[in-house]
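Everything quoted here is computed from the prediction, not taken from an experiment. Here is the naming used below: chain letters follow the sequence lines, and residue numbers restart at 1 for every chain.
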2 protein chains.
Amino acid sequence: MTADTRQMPKPVSKGPVARPGPRRVTISDVADALGLAKGTVSRALNGYPDIAEATRLRVTRAAERMGYRPLAQAQAIRTGRARALGLVLNAGRSDAHKPFLTDFLDGISRAASEESWTLTVATAMDEADEVATLGRLVDERKVDGFILPRTKLHDPRIDLLRERAVPFILYGRTADPTGCAWFDIAGEEAMAAAIDRLHAAGHWRIGFINGGTEYTYARLRRDGFLAAMARHGLPTPPELIVEDVLTIPQGEAAGLRLLDLPEPPTAILCALDLAALGLYRAAARAGRRVGHDLAVISYDGIPEAATAEPPLTTYAVDTRAAGENLARMLLARIRGADPETLRVLVPAVLIARGSDRAPDAIPDPAGPARQLA
Amino acid sequence: MTADTRQMPKPVSKGPVARPGPRRVTISDVADALGLAKGTVSRALNGYPDIAEATRLRVTRAAERMGYRPLAQAQAIRTGRARALGLVLNAGRSDAHKPFLTDFLDGISRAASEESWTLTVATAMDEADEVATLGRLVDERKVDGFILPRTKLHDPRIDLLRERAVPFILYGRTADPTGCAWFDIAGEEAMAAAIDRLHAAGHWRIGFINGGTEYTYARLRRDGFLAAMARHGLPTPPELIVEDVLTIPQGEAAGLRLLDLPEPPTAILCALDLAALGLYRAAARAGRRVGHDLAVISYDGIPEAATAEPPLTTYAVDTRAAGENLARMLLARIRGADPETLRVLVPAVLIARGSDRAPDAIPDPAGPARQLA
DNA sequence: GTTTCGCCCGAAACCGGTTTCGGCAAGGGG
DNA sequence: CCCCTTGCCGAAACCGGTTTCGGGCGAAAC
C-alpha cells in the first residue's frame, strides 16, 4: 500500500509520541450532560450576569462532579491570558540572593496558586540575555506579567516592558518609577536605625560595607547610612566606606581593609549578611573579636547569621512574604489596577543578637556614653 | 441608551483589563504576505516532508523578517504540548538543597530554552501538597513532564505520574524503577572512595554522618560506606553512625555525639557538606582540630566548603550540569524515548582540600601506615 | 499519446475554550 | 390586549495555530 506514504505526513526528526490515554473531560462534555450549549456553560462558570442563578448552580455542580478542569491554554488563546507569572533570574553574578531563593519562589508560587496561576522561571547569563529572555516569553505569550528582582537605578528590563506594555512589578525601586508598580523593603531606614543604635552605644567611628552600587538598594542604604551619620554629627571619611561587596570573600577583603586602617573603626555596618560573615573572618585575622571589641550590624537575615559566632545582629527581611506580596500586587496590576497605587514599602525587622556589643571598645572617653533604657 | 446593558455582558468581579496595543503577527499574516495557505506555512515551519525546499525557505525567511513567533498556547491546544517542564519544590523541610537551587534552576532552564521550552515551578508544603500540586499542573496541562528531585525509596509522586501516564524523570533513584527514567550522582561510589582514601591514610575508626534516611540517596551512601568498610575489614559499630542529619546545627549535634564517644573516631565521613560544617563546630567545642587530629571528608561541594577553615575535602556534584542533563533527558522522554534507556549515573568528583589530613592522629601504631604514591 | 505516480499545495476540519449576537418566552405598562 | 422590555439561553463566530484530505500538475512509464 504505497498510499500510506501519502497519508499522514509526519514531521521529520520527531520521534514517536507518548499520548495520554483517557481523554480529559471538556466543556462540551459538561454541556452535553446538562443539555446546554457549551457557550452557556462557559458563561455560567465565568460568572456572566446573563445566566440564571439556578442554571449556574447546576453547571458548577456538574462540572465539579465530572471533574472538569478548563484547559489553561485553550482559555489563553481567546482571553490572551496564560495565567502565569514570569520571573527571570540572573544566574551570572550576584550570589547574594541565593540563600533566599527558595523562600522567594515559595512566596510567589503560593500566592499565585491561590488563584490557580503558575510561575514560570527562566534564567539568563547577563543583562542582555535577561532582556532577550523577557522578550521571548512575551512574544510567545507564555506569561502575563513579570516580577523583576534586584532592580537597578537604570534598568533596561523596565524599558523593554514599558515599551511593550507588559505588566510588571519591581522588587526594589528605580530612578524613574513612572508607570511602575513596586514593592520594597526600607533598607535605608534599617541602615539609619542601625547607626542610631551604634551611636547610642557610644560608637562614633563607624565603617560601612555596602553592596553592589549598580543596584538601587545599595544607593538607598548608603543614603540611609550617610544621613544618620550626619544627623549625629559623625564623620564619614571615604576610607571608612567600601562598596560593591557581594560575597563572603569580598566581605573578608573589605573587612581587612577597614580593620587595617591607621585608625580602624570600632563598629562596622554591613549592607549584606554575607559581607558581615566575611567580616567575621577578617576580624579573626586582624585579632579583633566581634561582640567584644568590634560591633557589627548587618542586613538580610540569612539563616547562617543565627548560627554564626557570635550570632549576628541583623535587620531581617521576610523574603517569603515579599514574594507573596509581589505576586499579589502583580496579579492586581495584570487585572488592570493603576500601577501608581501599587507601591508598598515595608520595614526590615531588627533581630538583636550578640554581634553589636563591644564593651571592650567603648571608643571615646570624651563623649558621654549614654545609657539605654 | 439602555441597550448598553444588554450588550457585552461583562463578568462580575473582574476589573478593567490592560490590553496590549499592537496586534501580534499571526501565521495568517505570513500566509497572506506570501500568497500561501496558512496550513502550508504551518507545515513548512514544522518541517513536514511534503513541502518543497524552495517554499520552506521562502516561508522561514518571511517569518523571520516579519518577526513571526508562534503563540505557544495556540499550538498547545492542538498538539497537546505546552512546551513547559514542571518542577515542584518542597518548601517545607530539607534546607539541604537550598544552596544548589539557583544552579539547578539555571541548568534546567538553560537546556529547556535551547529548544524554546520553559520551566514552570511550583512549591508545596508537604508530601500530600506536593502530589496535589502535580495533579493540578497535569489537569490544566500546564506542563508536559516533571523533574522530580529528592526521590524517596517509595515515592507517592512517582505513583501518581505513573498512573496518569505523565512523562517524568527522577533526580535520584527509587526502590522500583520500572518505567522510570532517572539521572543520579553515584554517591555510594563517592562514599566508598572516601573510605578507601581514609583507610589508605591509616584510619580505621571512622564515623559516618548520614542524611535523611527517607531519601534514596541516604540509603545508597550508607551502603557505599558500609561496603567499603567491610571490604577493608573495618568495624562499623552502630554508635559510629548517625543518620537524618540535614542542617548545620544537626551536624554539630551529631559531631558532638561521635566525638564524645569513649573511643572517638579519628576520621568522620559526612554525606552532606552542611553536616560537615556542623561537625567543624562540634570539633571546636570538643577540642579537636580538623585537618590535624581529625580527618573529615564530605559530599556535595557547596561553595562554603571552599572557604571553611580548614577548607573541606569533598566530593562535589555539578548541580548545574545535573539540571541540564535532567532537562534534556526529560525532553527525550516526552518525545517518546523509552524510559528504560534514559538512565544515567555520573560520578561525583573529588575536591581534595585540607580537611582530610590528620597527621597528629595516626591511629593504629600496630597497623602499617601505608604510603601513598 | 495516455496512464500512473508522486510531489506540492489549498481547503477545511479540528483543538477547547470564550464572546457575540439574536431570539424566545415571560412579565409589565399603557 | 398589544407592545416593549428584560431575563435567559442557543447558535455560531472566533482565537491562532495543527493536521487531514484531496486534487492539480508535471514527469516518468507504458
Side-chain angles (χ1 to χ4, degrees), chain A residues 1-11 14 17 19 23-32 34-59 63 68-83 139-141, chain B residues 1-11 14 17 20 23-32 34-59 63 68-83 139-141:
Chain A
M1 299 292 274
T2 52
D4 277 352
T5 63
R6 186 173 48 187
Q7 301 288 69
M8 294 186 54
K10 277 293 173 191
K14 287 191 179 179
V17 165
R19 278 286 167 207
R23 209 175 56 78
R24 47 182 302 121
V25 22
T26 76
I27 200 173
S28 299
D29 297 335
V30 179
D32 290 349
L34 259 46
L36 292 173
K38 67 174 187 173
T40 305
V41 173
S42 172
R43 277 169 303 172
L45 256 20
N46 289 332
Y48 275 67
D50 65 341
I51 299 290
E53 192 54 34
T55 307
R56 182 195 324 290
L57 230 63
R58 256 192 346 133
V59 170
Y68 166 67
R69 311 281 304 240
L71 196 54
Q73 54 271 60
Q75 321 190 101
I77 182 182
R78 190 69 219 261
T79 62
R81 190 131 304 166
R83 302 213 313 185
D139 281 341
E140 297 190 349
R141 266 236 219 332
Chain B
M1 297 292 274
T2 52
D4 277 350
T5 63
R6 186 174 51 188
Q7 299 289 70
M8 296 186 55
K10 276 294 173 191
K14 285 192 179 177
V17 164
R23 211 175 54 79
R24 47 183 301 122
V25 23
T26 75
I27 198 172
S28 299
D29 296 336
V30 179
D32 290 350
L34 260 48
L36 292 174
K38 66 174 189 173
T40 305
V41 174
S42 172
R43 275 169 305 174
L45 257 20
N46 289 333
Y48 274 66
D50 64 341
I51 299 291
E53 192 53 35
T55 308
R56 181 193 325 288
L57 230 62
R58 255 192 347 131
V59 170
Y68 167 67
R69 310 282 306 240
L71 195 54
Q73 52 272 59
Q75 318 190 109
I77 182 181
R78 188 71 219 257
T79 62
R81 192 131 304 167
R83 302 212 311 186
D139 281 340
E140 297 190 347
R141 268 237 220 330

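Of the candidates dG17(C), dC8(C), dG17(D), the closest approach to any side-chain atom of Arg78(A) belongs to dG17(C). The side chain of Ser42(B) approaches dT18(D) more closely than any other nucleotide in the set dG10(C), dG17(C), dT18(D). The side chain of Ile77(A) lies closest to dG16(C), out of dG16(C), dC9(C), dA11(C).
In this structure, Arg141(B) contributes its side chain and Ala74(A) its backbone to no donor-acceptor pair below 3.5 Å.
Spacing between atom CZ of Arg81(A) and atom P of dT18(C) amounts to 13 Å, rounded to whole angstrom units. The CG atom of Leu36(B) sits 11 Å away from the P atom of dA11(C) (whole-angstrom rounding). We find that CG of Leu71(A) is positioned 15 Å from C1' of dT18(D), with the value rounded to whole Å. If you measure from atom CG of Asn46(A) to atom P of dG16(C), you get 17 Å, rounded to the nearest angstrom. Between the CD1 atom of Ile27(A) and the P atom of dA12(D) there is a distance of 17 Å, given to the nearest Å. For the pair Arg58(A) CZ and dC9(D) P, the interatomic distance rounds to 8 Å; values are reported in whole Å. Here the C1' atom of nucleotide dG7(D) and the CD atom of Glu53(A) are 13 Å apart, to the nearest Å. Put simply, CZ on Arg69(A) is 17 Å from P on dG16(C), counting in whole angstrom units.
The side chain of Thr55(A) places an N or O atom within less than 4.0 Å of a non-bridging phosphate oxygen (OP1 or OP2) of dC9(D). Contact between the side-chain N/O atoms of Thr79(B) and the OP1/OP2 oxygens of dT18(D) is not found at any separation under 4.0 Å. Note on Tyr48(A): every side-chain N or O is 4.0 Å or more away from OP1 and OP2 of dT18(C).
Among all heavy-atom pairs drawn from Ser28(A) and Lys38(A), the shortest one is OG-CD, 3.7 Å. In this structure, Arg43(B) and Asp50(B) approach most closely via the heavy-atom pair NH1-OD2, 3.4 Å. For the pair Ala76(A) and Ala82(A), the tightest heavy-atom approach, listed with the atom from each and the gap, is CB-CA, 4.0 Å. When every heavy atom of Asp139(B) is checked against every heavy atom of Arg69(A), the shortest pair comes out as OD2-NH1, 3.7 Å.
Side-chain contact between Leu36(B) and Thr55(B): present, with at least one pair of heavy atoms (C-beta onward) separated by less than 4.5 Å. Between Val41(B) and Tyr68(B), every side-chain heavy-atom pair lies at or beyond the 4.5 Å cut-off.
Rounded to 10 degrees, the angle separating the terminal axes of the helix from dG1(C)-dC30(D) to dG30(C)-dC1(D) is 50°, with each axis obtained from five end pairs.
Heavy atoms of Thr26(B) sit under 4.0 angstrom from primed sugar atoms or phosphate atoms, though from no base atom.
Between the side chain of Arg43(A) and the base of dG10(D) there is at least one donor-acceptor pair of N/O atoms closer than 3.5 Å.
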